[in-house]
Amino acid sequence: MGKHPLLTEAELRERMAALPEWRVEDGKWIVRRRLFPTFMDAVRYVNRVAAIAEEMNHHPFVALDYRKVTLKLTTWNSGGLTALDIDSAIAYDGVGAGASASAVANSGADAEASGDAGESKNEGER
Ligand SMILES: C[C@H](O)[C@H](O)[C@H]1CNC2=NC(N)=NC(=O)C2=N1
């Protein structure tokens, strides 16, 4: 199968409208951070993302930092952003909605600030 064509600037801008929680980084990556109520909610979400990635044969770079999950997408076979990255991000946003996850500003600063586990209750999913 041939390489997937890179998105033009205009195409990227247009497609990113459907992904308000994602940011373009270095013109080659889209990145999203999500904060979950508990560590296990975060782990469950990562597992759901992994299943989607396998199904699509398109894989994110994933960081699991306690309750914070960072997802990064690029199409390495094409050397940048393609429709596969956008479609993957849309699919990832569609799962884990069950967990009362709150989107974390891409700075991630508040995620660090609220990283203190002190006050968090175990609101894990059933
Ligand atoms: C051989 C296999 O299909 C390729 O390596 C796939 C696997 N998953 C992938 N994931 C991503 N993000 N980019 C790719 O170019 C890619 N290529």
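In each ligand, atom 1 is the first atom listed, and ligand 1 is the first ligand listed. The structure presented is a predicted model; accordingly, all values stated were derived computationally and were not measured.
For atom 7 (C) of ligand 1, the nearest protein heavy atom lies under 4.0 Å away.
Geometrically, Arg34 engages Tyr45 in a cation-pi contact defined by less than 6.0 Å to the ring centre and at most 45° from the axis.
Using a 4.5 Å heavy-atom threshold, the side chains of Val49 and Pro60 count as touching. No side-chain heavy atom of Val24 sits under 4.5 Å from any side-chain heavy atom of Trp29.
The backbone of Thr74, and not its side chain, has at least one atom closer than 4.0 Å to an atom of ligand 1 (non-hydrogen atoms only; backbone = N, CA, C, O).
Regarding atom 15 (O) of ligand 1, its nearest protein heavy-atom neighbour is Asn77 N, 2.9 Å. The shortest contact between atom 3 (O) of ligand 1 and any protein heavy atom is with Asn57 ND2, 2.7 Å. Protein heavy atom nearest atom 9 (C) of ligand 1, with residue, atom name and distance: Trp76 CZ2, 3.2 Å.
Annotation for ligand 1: atoms under 4.0 Å from non-hydrogen atoms of Thr75 are 13 (N), 15 (O).
With salt bridges taken as basic N to acidic carboxylate O contacts below 4.0 Å, none links Arg15 and Asp85.
Atoms CD1 and CE, on Ile30 and Met16 in that order, are 5.5 Å from each other to the nearest 0.5 Å.
For atom 10 (N) of ligand 1, the nearest non-hydrogen atom from the set Lys72, His59, Met56 comes from His59.
Under a 3.5 Å cut-off, the side chain of Thr74 and the backbone N or O of Lys28 do form a donor-acceptor pair.
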